[in-house]
Each structure stands twice: as C-alpha cells, then as structure tokens.
Amino acid sequence: MATLLDGRLWLITLTALLVLVGVNAALQPNFLEPSVLQSNLTTFLPLVLVAIGQTYVVLAGDIDLSVGAVVALVNVTTVSVIAALGGDSQSVLAGLAAGIGVGIACGLVNGFFVAVLRFQPIVTTFATSIVFAGLALRILPDAGLPVPEAYWRGYAGGLFGVPTVVLVLAAALVTIAVVGRRPFFTRLRAVGGQRTAAFQTGLSVGRLRIAAYVLSAVFAALASLCLTGETASGDPLMGQTLALSSISAVVLGGTALAGGVGGPFGSLLGALVLGMIGNVIFFAGLPFEYQTLVQGLIVLAALAGGVLVARR
Amino acid sequence: MPPALEASGVTKRFGAVVALNDARLTVGRGEVHALLGANGCGKSTLCKIIAGTVARDDGEIRVAGEARALASPRAAEAAGIALYYQELSLVPQLTVAENVFLGHEPRGFGGFVDETTLNDRTDLLIGRFAGVAGEGFTARTRVSDLSPDQRQITEILKVLARKPRLIIFDEATAALDRRQVDVFFSIMKDLRAEGISSIFISHRLDEVFRVADRITVMRNGATVADFATAETTPEAIVREMVGDVRLGPKGGTAAPAEAAEIRLSVEGVTGGRLQGVSFAARRGEILGLGGLQGQGQKRLLAGLFGADPFTGGRVLLDGEPVAPRRPADAIAAGFGLVSGDRARDAAFPGRSILENAAMASLVRDKARLILLGPLRSRFSRTLSGLKTRYAGLNAPIGSLSGGNQQKIFIARWLAARPSVLLLDDPTKGIDLGAKADFFAIVRALAGTGATILIYSSEDADLLSLCHRVLVFNGGRITADLTGSTLDAMALTRAAYGEAA
C-alpha cells in the first residue's frame, strides 16, 4: 500500500471520485447521459482550472489567495473590451486576448511582491486580491454587459461534435502533461521541497516562483473565460469562493501545502470531488437548510482522510 | 599554466565578528588540496566564498588565471566550481536522479526531460559505489528514503554530475563507512588523473595524509602555512593549527573539589550522531564539550534539554533518573539552556527586556497570574548585576546588541536557579567584551553549585572557561582532558583523532 501510493496520493482521490459518481448515478438515473455529464462538467470546469493553476504555486511552497479576484478582473476586462469594440467576432478574440493578458499581469504582480520583494505569500496575495477586486469594480461597477451570442453559443456548443468544455478539459490535461515533463516542474518541486538546497544548487528560485504565480493567474483567467461563457455577462463579484475552494481541491488531490510533493492531476480530481459532493447532497434530497452544513462536514472528512492516509 | 584557483587577501566580517582577515589559498591543476584548521578558523567561510554562497568583503580570487567575482552559486558554477555541502543540499521529496541532475536535466525531443537518460546516467554514477552503496539505492529512489551514508553518496554524485574543474569536498566522508571512504578516495584519484582539482576538508588527519598532495593550514581567519604533504608530518600540522597561543587566564573559580557530589550522570545515551555517550559532572563543575563541529555535542545538549529526546541510555540528576520528552519537562527537572542561535532558540522579538528575562521563571513557577510590580523589582536586581546597559526594562529586546541580549538570556536562568545549565555555542557572534562579562556570569553561577555544560565552536572559549573538556569525535567521547592535560595542542590533536 505504502509503495503503491508513494507519490500517487491522487489514487485515493480517484477512488473517492468513482464512489461519488456511483452514488450520484444511483440517486439521479439520468446522470450518465451525455447532456447531463456535459452540464456537470460545465459547472465544475472553472474550479478544475483554478485548482490546476493553484497547484504550481503550492508546489513551490507558496499560496495564491488572489485567484478568485483574478477571475472577476478578467471577466470584466473581457466583457468591457468586447463591448467597446462593437461585439463582432474580431472583438470577441480581442476580449479573450485582453483577459489572458490581464491574467499574466496579475501573476507577475503577485510574483514580484512574493519572490522579488519577499513579502509573505498568504498576506500579499490576500492584499492583491483586494486590489484586483477593487479594479474589477472600478471597470464594471454593476453586473451586466452581455457578451455576444457567438461567445456563449460557442462555449455551450462544440467542435466536430466534441463539446467545447470537453475540449477545454482535454487541453488542460495536455498542458499538465507537457509542463510535468519540463525541467521546470522538477525545479519547482525542488524550490518548494527545500528552498535553500534549490538555491545552493544554483536554481533561479525567484524566477521559478514568479513563473508559478503567472501559471496560476493564467489558469484563473481561463477559468474566468469559461465562466463568462456560462453566464454570458460581466459580474465584478464573480469567483469569490474560488480561492479557498481551489486550495481545498489541491489538498484533496494529495499536494502538500508545505510544497514539493504532489501534482496538478490530483488537484483536477480534487476539484471534481468537491463538485460531486455538492451534486450528491442536492440529489440526496436533503432539506435545503442542511445542505451547506453537510457539504462542509464531508469536505472536512475528505481532507482529514487524505491527511491520515498520507501520514502513514 | 595558471593554477586552478588562486585566492589572496580574502576578508569577511559578519557584523562585529571577523571571520576572515587574510585568507590565501592556491590550488594547482589536478591537485588534491587539504584545508585544515581548528574550529572557527574560517575554512568553511572561505569555501562558501569560493562557491558563491557567501559574498566576500575584499580580496581577489582567480579561477584558472581569470579574476572572478563569484557573486552567486550560479556564477561559481559557471566558473567550473562545485561545492560538496556538509549541510545537505538535497531535496528529500525528489528522487536520487532528479537531485543529481537538478538544474542540468538531460533533455530530449522538444526540450522535455529525458527520463530514461536521466535515470540511466544516475544508475551509472551509483555504479561507481557498486558493492558499498547499500540496499535500495537506485536512480528512482526518493531521497527521503535513503540512509545518511547514501545521502552523502548522492551529494558526491551530484557534484560529479556537474563535471566541474574544481570541487570543494567539505567533510564529505563524515557519514561514510571505511569501504565507502576507500571508494571515494579512488574517485578522487580518478579526478586527479582527469586534471580536476579538489579542495578537501576533513576532521580525520589520517585521511588527509592518505589523499592530499598539498595542505594549507588556517588559524583565526588567516592562512598560516602551506605544505607539500610529503614534506610534513601530522605533528607539524597540528602545531600550525594551534599556533603559539598561551593559555588564557583560568578565571576566578577554582575547580570543584574531587569530593563534590556528582550532579549529572549520563549513561550510554544514543540518538542522532551519538553512539553511546557516558560521563559524570560534579556540582559547580564547568564541563566543556569539545571537538570539531557536528560530532554530536549539540545533539547531546538537545537531548538533555528534551528538545530532541535520546533514543537510548539514561540520565541521572542528583541520583534520580530523568527523561525529559520536551523542554518543559527539562526545565521542571532543573535544566536551563542558553543557545547561540538567539533568533531561533531564545529571543521573543519585539517583546520587552523584562518579558524576555522573566520567561523561564514564569514557566518554572507555573505562574497563573503575572504581577508586574514584583516581577520588575525581582529582575531589576538580577539585571543590574549583569553590567548591561539598557534604556529600561520595557525597551524591546532587539534594542540590545547580541552580546547584551545573551546576558539577558542567561539572566533568565539565574532567577530560575537551574541545577544544570546547558550552553550551546553561547558566544556565537558576540564581541570580546560581552564574552568576558558572560563568562564571569557563568563562573559565578558555577560558584553557587550549578553544573555547567558548554559546547563552543571556538576552542579558545573552552580553554579559558572550562575545568574539564570532553572531546567528541564521530558521536563518541574520545578524550577527557583536565588540569595539566588540558591545552590547545591536546584539544586539537584529540579533535583530529590523534592520540593525545
């Protein structure tokens, strides 16, 4: 058991996910129909993306509390750019590019304060999250500004018969695989595992930590573009719960908050588990006023279970 | 052809403390060059400067004839220098192969890590230690699963994989057994044949004479001698390490009489580096723990204080067995500790001098209610005897110099009246004046019957303060020096494993 699980804590997460899928399928007979699966994936995808990005930061021994605010800032930037340019297909592309650009900028800001000026990651990213959220409110004070039909139709639809959300998930998996085989990934784990050793070995510790923050913010930007496709409009308060949910997903997926151990695939599974817990509670027919309480207890139990198994 | 390394006039200060004042070192191409000196002579600082982890204040370093700044580990690596780290530079969460090639991963198609080559090349390197590498040691093993000697071998492989022109081996053989040392020496000879130079630091003089071509000796931050190994002897080397310092004044306290009762008795304790250590200390005795750094002295103090409990053996205090599992147990039993790492082990930064001084008494008295008035009057009396200048008891601890802070931390224990006071390198980074005051306090405390155990990274401290010194080597006590046998020469010889 110990050797099988060595470095593969996500196997536990996968087991939990399969159990939840089984329970959900029993409670909701049409759960496995393609249209239902697609709508579930659409709901879960933003958290999946944010959790993948968060993993890189956590692996480097840091944390990013600003991802939720990045989601909001990217959303309002994208819808504002599209509206300002007239709403044709060209302007949609410009809006998407602007959103990603804002994401990269947010990541650089976080990385600069944490890795160059050596501020405390947890407080710094909490502070930058307030700044990013404030900027979002400045750009778009009230929810609204619908996106063109082409945008949300494209997101709800597909390409060559494959739903767009599946394509996004596949692209995320490919990205995980590619990044995981770059020297960057090993060096990032070295930075999180033993920072002084990484420095003495001659790694550019600062640059690696900045890169992790940029990756995290870019994944948050992608999540924001997906959410925008789902809600089809701008909302400066979007994504507020995503930061802490993404950290829960990362831990559920077997990545140590201390850094150095784990990987984004586990976080992807962890995010799906979090989403499925909500589903199962809803379909179990619990009275509405108990749902949040039970959800919290299940997440707590899942985290505790993972910690206990990992400690053995 | 210029030498592989030429360092001259290198200086370095850490705050008020001069670590190097005139270090010189010349290493020829394809030469194994031993760097020797007593504790605190600056050899590790010099090595860190050459490897780019510490910046020098002044001086010139030429690598293969070219002047270099060596401002960072990367710059040193670019100059072809690799440092074998005594304090391990491995990442426990990564595999052996990932560690060995960290920062130099072999790449295949499209810049991806070529895992097959990575692991094959690492297994090939491990193969150099074939037969002596021990169980379960492959390229894919996680470093956290390795034994200490296997980690040390991994460090050596990591250095070799970098293909440097100059390697600094700082205590590279400390955790290795005899057969592993033999393999390591044959690797050093191979390196020599390839024209790669190495600087070799070891606390075993016999090893130095086996493998080194030349020997440089440092003392008090300066280079004092440079020999060809064939033209010198271990005796001459030890004499250079010690210099002609006279014994410092013995201080105002007479050694406790033979008849004084045994206060602390340690019987066969183990744990960490400690391989079964036994000794007894009398009331009023100041007992030094000598030897080179990292031979188990700090581990002994951490064990006695309950910070890192022993795994075997037993400890008797006034005849009663004590086995502290945490510092609070040890304090209740009558132990106190003053550490040289004030920031980590002692200071409550930002809090007042009074709070910092009172902490141990509050723990010992299990105080539930703190009355500032009585506390203040009690401590102003204690502190006034310390020759410490401070703006007031409410001034933050950080407003004092390191030496004055250390007096406050020992004052903690004066009020708590410990029967055994443990001093862990207490004079680290404090100036000479404060050191003399500190020693006076320690002597006065011993005069009241407390037993003092002191480890110091500076032999001179032990010589001027202690009644008796136990010399540690490889986790054992190898010599017990007192009275006429206690002098700098004997201490250095014992530390380097020569019969005193």
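From a predicted model like this one, the values you see are computed outputs, not experimental measurements. Letters A, B, ... are given to chains in the order of the sequence lines, protein chains preceding strands, and every chain is numbered from 1.
- A side-chain contact (heavy atoms from CB on, under 4.5 Å) with A:Q194 is found for exactly one of B:L94, B:N99, B:V91, namely B:V91.
- In this structure, no portion of A:V191 lies under 4.5 Å from any heavy atom of chain B.
- Atom CZ of A:R195 has more than 12 neighbouring heavy atoms from other residues, nucleotides or ligands inside a 6.0 Å radius.
- A:F126 CZ: 12 or fewer foreign heavy atoms inside a 6.0 Å radius.
- Remark: B:N119 pairs with B:A97, B:E115, B:A139, B:R140 by the side-chain contact (heavy atoms from CB on, under 4.5 Å) rule, at least two apart or across chains.
- Atoms CZ and CD, on A:F185 and B:E98 in that order, are 9.0 Å from each other to the nearest 0.5 Å.
- Heavy-atom minimum distance, A:Q200 versus B:S89: OE1-CB, 3.5 Å.
- One N or O on the side chain of B:R74 and one on the backbone of A:G202 form a donor-acceptor pair closer than 3.5 Å.
- Looking at A:F199, the atoms closer than 4.5 Å to chain B (heavy atoms on both sides) sit in the backbone and in the side chain alike.
- Residues A:R182 and B:R107 have side chains in contact (heavy-atom distance under 4.5 Å, counting atoms from C-beta outward).
- Between chain B and the residues A:A256, A:G193, A:P183, the largest count of heavy-atom pairs under 4.5 Å involves A:P183.
- Once rounded to the nearest 0.5 Å, the distance linking CZ of B:R162 with OG1 of A:T201 reads 6.0 Å.
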